[in-house]
Amino acid sequence: MSDKDKVIEYELQIEDMLHALQDRLDELDKAKDLDDFEKGRQLAYTEIMDIIKTRHKMIMDVVSDE
């Protein structure tokens with residue numbers, strides 16, 4: 001597998017992970033009267049998505065510099 005193929009595979013894995021997290025976040029966003037546990041999950045999903053997006057951008061910046 002070439003480096004380009006590896007980057008494409010990595011991109012797909014990240015996209016799939018973000019879609020899964022977004023689906024779970026959407027479920028919580030639709031719910032009414034979230035309890036403290038569900039509010040914590042909602043915040044955690046949001047923070048994890050931000051972390052993944054930030055790391056992905058950093059990695060893509062490094063890869064594009066090569």
Side-chain angles (χ1 to χ4, degrees):
M1 182 180 277
S2 71
D3 286 344
K4 184 176 181 176
D5 291 337
K6 290 177 184 178
V7 170
I8 292 169
E9 181 64 28
Y10 179 71
E11 286 279 322
L12 292 173
Q13 294 296 327
I14 291 174
E15 286 179 20
D16 287 344
M17 186 175 11
L18 289 172
H19 286 297
L21 288 169
Q22 187 63 54
D23 289 344
R24 292 179 181 166
L25 187 56
D26 289 344
E27 289 175 15
L28 290 169
D29 288 342
K30 291 176 188 174
K32 295 180 182 179
D33 300 323
L34 297 176
D35 62 23
D36 288 341
F37 178 76
E38 291 168 326
K39 287 178 186 175
R41 284 181 57 214
Q42 187 178 37
L43 180 59
Y45 286 134
T46 302
E47 290 180 7
I48 292 297
M49 287 182 64
D50 288 343
I51 290 167
I52 293 168
K53 288 177 183 178
T54 301
R55 296 305 181 272
H56 178 254
K57 184 183 179 318
M58 291 168 63
I59 291 167
M60 293 311 295
D61 288 345
V62 170
V63 169
S64 67
D65 286 344
E66 293 181 358

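All values derive from a computational prediction rather than experimental measurement. Note that the numbering runs from 1 along the sequence shown for the chain.
- Atom CE of Met49 is separated from atom CG of Leu18 by 5.5 Å, given to the nearest 0.5 angstrom.
- Leu43 and Met17 fall into different hydrophobic clusters, defined by Ile, Leu, Val, Met, Phe, Trp and Tyr side-chain heavy atoms under 4.5 Å apart, directly or through other members.
- Between Lys30 and Asp26, no side-chain nitrogen of the basic residue sits less than 4.0 Å from a carboxylate oxygen of the acidic one, so the salt-bridge criterion is not met.
- Atom CG of Asp35 sits about 4.0 Å away from atom CD of Glu38, to the nearest 0.5 Å.
- In this structure, OG1 in Thr46 is found 8.0 Å from CD in Gln22, a value given to the nearest 0.5 Å.
- Between atom CG of residue Leu28 and atom CZ of residue Arg41 there is a gap of 5.0 Å, rounded to the nearest 0.5 Å.
- Remark: His56 NE2 to Ile14 CD1 distance equals 4.0 Å, nearest 0.5 Å.
- Taking both residues in full, the closest heavy atoms of Gln42 and Asp29 are given as NE2-OD1, 2.5 Å, listed atom of the first, atom of the second, then distance.
- Between Asp61 and Ser64, the shortest heavy-atom contact is O-OG, 3.0 Å.
- Interatomic distance, CG of Asp3 versus CD1 of Ile8, reported as 11.0 Å (0.5 Å rounding).
- Using a 4.5 Å heavy-atom threshold, the side chains of Lys6 and Tyr10 count as separate.
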